[in-house]
Amino acid sequence: MSEETRSETYAELASVGPYGVRPGHALITMVEPHPGHEYAYNRWYEDDHYYAGAMAMPWMYAGRRWVATRELQDLRGPEKSAVARPVTAGCYLSTYWITEGRYDDHMKWTVGINRRLNRDARVHQERTHVFTAFQDHETTVYRDGAAGPRDFHALDHPYAGLILQVIDTEGPEERAALLERLRAGELPRRLAGSPAAMVTVFRPTPLPGDRMTYVKQVEGVDTRLTLLWFLERDPRECWTEHFADLESLGGPEGGRVELVAPFIPTIPGTDRYVDQLR
């Protein structure tokens with residue numbers, strides 16, 4: 001394909017299809033660098049992969065990295081988690097928004113670019129994907145109604161912390177019922193007067209068959225919900241008062257909370273917190 005033809009193709013693609021700002025989809029990926037490779041992993045991800053493997057891709061329009069120091073890892077639950085084994089695994093979390101309606105377009109590109117990065121030896125192998133899934137947006141619940149940042153601002157707004165929460169249910173009907181209970185009652189109640197400004201709720205989608213072999217297929221496609229709590233305070237300062245009981249979210253019939261994991265934002269371009277992971 002000539003340079004001129006390729007440029008014209010870009011113009012054609014931009015002139016059709018959805019191009020709103022709503023985060024219709026997300027990539028949420030929690031990764032554990034192997035012991036002894038923490039600094040190398042952090043520099044590779046920040047200096048190369050965050051951009052070449054994510055932000056430079058079409059329709060992925062916002063991103064942020066988060067880190068769990070050992071102190072934050074020790075706040076996690078439940079002790080026996082179906083997501084993280086052990087529950088402290090996965091000290092780095094990356095979150096990305098994808099334009100609503102552009103999931104298929106984005107996936108074509110991401111599979112292609114990751115094949116190329118792997119072929120060009122630009123993939124850091126000394127890491128384990130603990131929880132990596134593309135997700136479809138279900139709802140966002142706000143503490144302050146129409147005031148304050150919206151969900152499409154969430155990865156650019158300087159939030160002080162994030163809680164990743166994963167809930168499993170028995171099946172699709174149970175998941176739909178839980179989602180409605182959370183949206184209509186439980187989340188607004190818990191957000192009121194708390195340091196959390198919003199909760200975004202997603203459901204996982206299966207990864208394509210031609211994904212990279214080091215990323216396992218997504219579990220719980222029909223049964224799981226993924227919640228992101230965006231905090232205005234460092235979770236270590238307010239955990240006991242506001243979030244220590246999140247394992248009970250949804251009530252006794254609301255599903256099984258399989259992970260509650262707090263994070264703080266990384267400081268791009270630095271190795272801040274790398275010496276606090278173990």
Side-chain angles (χ1 to χ4, degrees), residues 17-18 20 22-32 45 49-50 53-63 66 81-85 89-90 92-119 123 125 127-140 151 155 164-180 182-183 199-228 250 254-261:
R22 184 173 183 266
H25 322 276
L27 171 59
I28 301 171
T29 175
M30 186 169 70
V31 172
E32 179 73 9
Y45 202 102
H49 199 62
Y50 177 83
M55 296 305 299
M57 296 192 200
W59 309 114
M60 183 171 272
Y61 68 89
W66 313 82
S81 167
V83 175
R85 304 181 183 93
Y92 281 105
L93 178 72
S94 296
T95 51
Y96 302 98
W97 289 168
I98 300 168
T99 303
E100 183 176 28
R102 290 292 189 172
Y103 176 78
D104 291 340
D105 297 339
H106 176 78
M107 288 305 297
K108 291 289 187 182
W109 189 286
T110 193
V111 169
I113 199 65
N114 277 287
R115 283 178 176 172
R116 183 181 180 186
L117 290 169
N118 199 54
R119 185 178 66 243
V123 174
Q125 302 293 346
R127 75 198 199 281
T128 298
H129 281 263
V130 178
F131 177 77
T132 293
F134 284 87
Q135 313 254 349
D136 285 342
H137 181 257
E138 285 285 0
T139 192
T140 300
D151 51 14
L155 302 185
L164 168 67
Q165 182 171 25
V166 180
I167 307 177
D168 283 340
T169 64
E170 294 301 321
E173 292 183 1
E174 290 82 357
R175 181 174 69 178
L178 172 61
L179 176 62
E180 184 54 33
L182 293 176
R183 177 166 37 202
V199 182
T200 58
V201 185
F202 295 87
R203 56 178 173 83
T205 60
L207 289 168
D210 52 0
R211 69 192 183 280
M212 295 296 100
T213 56
Y214 50 77
V215 182
K216 67 181 181 179
Q217 186 53 271
V218 175
E219 300 173 346
V221 169
D222 296 320
T223 60
R224 179 168 284 179
L225 290 176
T226 305
L227 287 68
L228 300 178
R256 303 178 307 281
V257 174
E258 294 290 0
L259 182 65
V260 178

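Everything numeric in this text was worked out from a predicted model, so none of it was measured. Because only heavy atoms are used, hydrogens play no part in the values below, and waters and symmetry mates are left out as well, while side chains stay in.
Between the CE atom of Met107 and the CE atom of Met57 there is a distance of 9.0 Å, given to the nearest 0.5 Å. Summarising the geometry, atom CD1 belonging to Ile113 is positioned 11.5 Å from atom CG belonging to Asn118; distances are rounded to the nearest 0.5 Å. Here the straight-line distance linking atom CZ of Arg183 with atom CG of Leu178 works out to 10.5 Å at 0.5 Å rounding. Considering CG of Leu117 and NE2 of His49, their distance stands at 6.5 Å, rounded to 0.5 Å. Rounding to the nearest 0.5 Å places CZ of Arg22 at 7.0 Å from OG1 of Thr140. Summarising the geometry, atom CG belonging to Leu93 is positioned 7.5 Å from atom CG belonging to Leu228; distances are rounded to the nearest 0.5 Å.
For the pair Thr223 and Arg175, the minimum side-chain heavy-atom distance is 4.5 Å or more. At a threshold of 4.5 Å between non-hydrogen side-chain atoms, the residues Thr169 and Asp222 do not count as touching. Side-chain contact between Val123 and Gln125: present, with at least one pair of heavy atoms (C-beta onward) separated by less than 4.5 Å. With a 4.5 Å cut-off on side-chain heavy atoms, Pro204 and Arg224 count as touching. Using a 4.5 Å heavy-atom threshold, the side chains of Gln135 and Thr95 count as separate. Counting only heavy atoms from C-beta outward, the side chains of His106 and Met60 approach each other to under 4.5 Å. The shortest side-chain heavy-atom distance between Trp59 and Asp105 falls under the 4.5 Å cut-off. Tyr45 is not listed as a side-chain neighbour of Val31, based on a closest heavy-atom distance of 4.5 Å or more.
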May I have the step-by-step check of ring-ring contact (aromatic ring centres under 6.0 Å, His included) for Phe134 and Phe202, ending in yes or no? CA-CA 9 Å; Phe134 284 87; Phe202 295 87; over 10 Å; no

Leu164 vs Trp66, side-chain contact (heavy atoms from CB on, under 4.5 Å): CA-CA, chis, key distance, verdict: CA-CA 10 Å; Leu164 168 67; Trp66 313 82; over 6 Å; no

Report the C-alpha separation of Leu182 and Leu225 in whole Å, then their side-chain angles, then the decisive distance to 0.1 Å, and conclude whether the side-chain contact (heavy atoms from CB on, under 4.5 Å) test is met. CA-CA 11 Å; Leu182 293 176; Leu225 290 176; 4.1 Å; yes

Could you walk me through whether Val166 and Phe131 satisfy the side-chain contact (heavy atoms from CB on, under 4.5 Å) test, starting with their C-alpha distance in whole Å, then the side-chain angles of each, then the deciding distance to 0.1 Å, before giving a yes or no? CA-CA 10 Å; Val166 180; Phe131 177 77; 3.9 Å; yes

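The shortest heavy-atom contact between Ala84 and Ala89 is CB-O, 3.8 Å. In plain terms, the two heavy atoms of Gly63 and Tyr96 that are nearest each other are CA-CD2, 3.7 Å. Scanning both residues, Thr132 and His129, for their nearest heavy atoms gives OG1-ND1, 2.6 Å. Between Pro206 and Tyr103, the closest heavy-atom pair is O-OH, 3.5 Å. Looking at every heavy atom in both residues, Ala82 comes nearest to Asp168 through CB-OD2, 4.5 Å.
For Thr99, there are no side chain to side chain donor-acceptor pair (under 3.5 Å) partners, not counting sequence neighbours. Taking the side-chain contact (heavy atoms from CB on, under 4.5 Å) definition, one finds that Asp136 meets it with His25, Arg203, Thr205, sequence neighbours left out.
The backbone N or O of Val83 sits nowhere less than 3.5 Å from a side-chain atom of Glu258 that would complete a donor-acceptor pair. Here the side chain of Trp97 pairs a donor or acceptor atom with the backbone of Asp151 at under 3.5 angstrom. Under a 3.5 Å cut-off, the side chain of Glu174 and the backbone N or O of Gly171 do form a donor-acceptor pair.
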